[in-house]
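Below is one structure, written out as structure tokens; the observations come after it.
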Amino acid sequence: MSCDFLSLCNEGIKGLHPYQAGKPVDELERELGITDIVKLASNENPLPLPASVTAAVAQEMKDLARYPDSNGFYLKEALAAKLGVSSNQVTLGNGSNDVLELIARIFVSPQHEVVFSDHAFVVYPLVTQAIGATPVSVKAKNWGHDLDAMADAITDKTRLVFIANPNNPTGTFLSTAELEAFLEKVPSDVIVVLDEAYYEYVPKSERSPSIEWLSRYTNLVVSRTFSKAYGLAGLRVGYAVSHPQVADLMNRLRQPFNVNSISLKAAQAVLNDADFLAESVNTNKRGMQQITAYFESAGLDFIPSYGNFVTFDVGRCGGSGAEVYEKLLRLGVIVRPIGGYGLPNHLRVSIGTEAENQKFIQALGTLL
Ligand SMILES: *Cc1c(COP(=O)(O)O)cnc(C)c1O
């Protein structure tokens with residue numbers, strides 16, 4: 001007889017639920033026997049890989065028998081130069097998800113609290129719970145972070161605060177003044193992770209000088225990713241920029257080869273491909289206009305978004321978010337239900353190519 005493994009596992013792990021990823025296209029194909037499916041569910045970049053990346057990948061294929069550079073030397077150097085920091089402040093991750101988890105595991109123990117906002121990225125509660133620490137989810141304001149309430153939620157037990165800016169899944173955005181006022185209030189022994197996964201989509205004039213803040217707020221950790229505007233979600237590369245001592249701790253805990261050799265080279269190539277990044281951002285801007293113009297004409301409420309996705313109210317679509325999601329699946333369109341983020345009457349749609357957006361608009365139109 002086997003033993004009850006549930007009774008053996010760490011306390012925090014027991015209550016975890018597996019991460020619900022966006023439904024893959026082939027899975028829906030298998031289930032419904034339909035083709036021509038459009039996936040707008042995971043905030044992926046809809047553009048094909050640029051030639052700069054395919055060339056770098058092809059080149060690296062020759063060396064796959066070797067381990068990757070464990071220190072990611074060249075990618076860290078390139079990032080440090082671009083950001084104006086020292087290389088010893090950069091930590092690479094297998095997606096930024098990896099660095100978010102490293103930070104939590106380094107600083108948070110079961111007796112601690114982790115503060116984040118309602119409707120926040122699901123990875124924050126997930127890592128908190130896995131450690132067995134106490135999640136403190138602060139009520140949202142206008143669908144986004146209520147930074148005053150978050151500052152008030154900090155206690156002697158708080159070790160870590162997560163803020164996503166722009167936020168996923170609501171797309172809300174905090175101004176430089178709001179963030180700065182918050183950072184001023186946070187005690188220096190509470191780590192603040194500013195998750196800027198959608199940074200590149202924010203108009204330059206509105207971006208916060210988050211990297212410059214690192215010298216003033218030594219408890220700040222900024223995370224960014226190659227998964228969104230840089231278009232490399234499948235390769236899993238992200239990074240944190242922090243105080244060198246925090247980076248050193250992350251470097252101790254991370255897996256020795258947490259970023260694979262193809263991903264290192266691809267990220268380096270795309271980092272230098274300014275044209276691709278500009279095209280990603282422009283495609284997103286046009287697509288956002290296309291979809292929100294439709295929402296407005298159809299009388300559908302949506303949350304104005306700074307990301308590459310937009311969350312809308314399904315009230316006029318004849319069902320809950322989960323029901324409308326299912327109906328759209330049958331029409332060959334995969335979006336993201338966000339009941340798990342406390343938004344059961346909304347759906348999140350990622351911005352695709354013009355044709356993909358059109359297919360979504362048409363499908364949604366048949367439900368109204
Ligand atoms: C997509 C996303 C990430 C990035 O995930 P990766 O692991 O880098 O692919 C991080 N934070 C938020 C809020 C996101 O939406």
Side-chain angles (χ1 to χ4, degrees), residues 19-22 24 39-46 72 75 79 90-105 114-128 130 137 140 143-145 160-174 179 192-202 208 210 221-241 250 254-255 258-260 262-264 266-267 270-271 280 284 303 305-311 335-338 340-343 346-351:
Y19 177 78
Q20 296 282 334
K39 183 187 176 209
L40 298 172
S42 302
N43 301 346
E44 293 147 336
N45 191 321
L75 180 56
L79 284 167
V90 181
T91 308
L92 302 179
N94 185 21
S96 56
N97 201 147
D98 191 15
V99 298
L100 299 175
E101 200 164 334
L102 289 172
I103 287 287
R105 287 178 60 207
V114 178
V115 172
F116 43 82
S117 175
D118 274 355
H119 319 310
F121 191 37
V122 62
V123 167
Y124 312 156
L126 210 138
V127 300
T128 305
S137 186
W143 308 110
H145 298 73
L160 175 60
V161 179
F162 281 114
I163 296 174
N165 200 43
N167 189 41
N168 172 23
T170 59
T172 52
F173 184 68
L174 295 161
L179 278 170
V192 177
V193 171
L194 186 58
D195 176 348
E196 295 188 324
Y198 302 95
Y199 175 81
E200 297 82 6
Y201 293 111
V202 177
S208 287
S210 49
V221 179
V222 177
S223 68
R224 293 192 189 155
T225 183
F226 285 92
S227 297
K228 309 284 161 57
Y230 284 107
L232 301 183
L235 287 178
R236 317 300 306 123
V237 198
Y239 58 96
V241 193
M250 294 173 81
R254 71 177 176 84
Q255 287 181 27
N258 61 337
V259 183
N260 71 68
I262 290 188
S263 301
L264 287 172
V270 81
L271 193 64
S280 298
N284 188 61
I303 307 172
S305 170
Y306 277 78
N308 64 345
F309 57 88
V310 54
T311 286
V335 296
R336 191 62 156 264
I338 45 177
Y341 292 81
L343 297 164
H346 286 78
L347 287 174
R348 189 192 72 191
V349 60
S350 306
I351 308 300

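Whatever order the structure lists ligands and atoms in, that order sets their numbers, starting from 1.
- Heavy-atom proximity to Asn168, at under 4.0 Å, picks out these atoms of ligand 1: 13 (C), 14 (C), 15 (O).
- To the nearest 0.5 Å, the span separating CE on Met250 from CZ on Arg105 amounts to 11.5 Å.
- Nearest to atom 11 (N) of ligand 1 among the protein's heavy atoms is Asp195 OD2, 2.6 Å.
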Residues Asn165, Tyr306; criterion side chain to side chain donor-acceptor pair (under 3.5 Å); working and verdict
CA-CA 9 Å; Asn165 200 43; Tyr306 277 78; over 6 Å; no
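- Look at Asn43 and you'll find every heavy atom at least 4.0 Å from all atoms of ligand 1.
- Atom CG of Leu343 is separated from atom CH2 of Trp143 by 6.0 Å, given to the nearest 0.5 angstrom.
- Using bins of under 30°, 30° to 60° and over 60° for the plane-to-plane angle, the ring pair Tyr124/Phe121 lands in the perpendicular bin.
- Here is the list of ligand 1 atoms found below 4.0 Å of a heavy atom in Ser227: 6 (P), 8 (O), 9 (O).
- Taking every non-hydrogen atom of Arg236 and a distance limit under 4.0 Å, the qualifying atoms of ligand 1 come out as 6 (P), 7 (O), 9 (O).
- Between the CG atom of Leu92 and the CG atom of Leu75 there is a distance of 5.0 Å, given to the nearest 0.5 Å.
- Distances from atom 4 (C) of ligand 1 to the heavy atoms of Ser96, Ser223, Ser42 put Ser96 nearest.
- Counting atoms of ligand 1 from 1 in the listed order, those under 4.0 Å from a heavy atom of Lys228 are 1 (C), 2 (C), 3 (C), 4 (C), 14 (C), 15 (O).
- Heavy-atom proximity to Ala197, at under 4.0 Å, picks out these atoms of ligand 1: 2 (C), 3 (C), 10 (C), 11 (N), 12 (C), 14 (C).
- Ligand 1 lies nowhere less than 4.0 angstrom from a heavy atom belonging to Gly238.
- Contact between Phe226 and ligand 1 is absent, with no heavy atom of the residue lying under 4.0 Å from the ligand.
- No N or O atom of Asn94 sits closer than 3.5 Å to an N or O atom of ligand 1.
- Here the shortest heavy-atom pairing between Tyr198 and Asn43 reads OH-ND2, 2.9 Å.
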Can Asn258 and Asp98 be said to form a side chain to side chain donor-acceptor pair (under 3.5 Å), step by step?
CA-CA 8 Å; Asn258 61 337; Asp98 191 15; 3.1 Å; yes
Residues Ser210, Ser208; criterion side chain to side chain donor-acceptor pair (under 3.5 Å); working and verdict
CA-CA 5 Å; Ser210 49; Ser208 287; over 6 Å; no
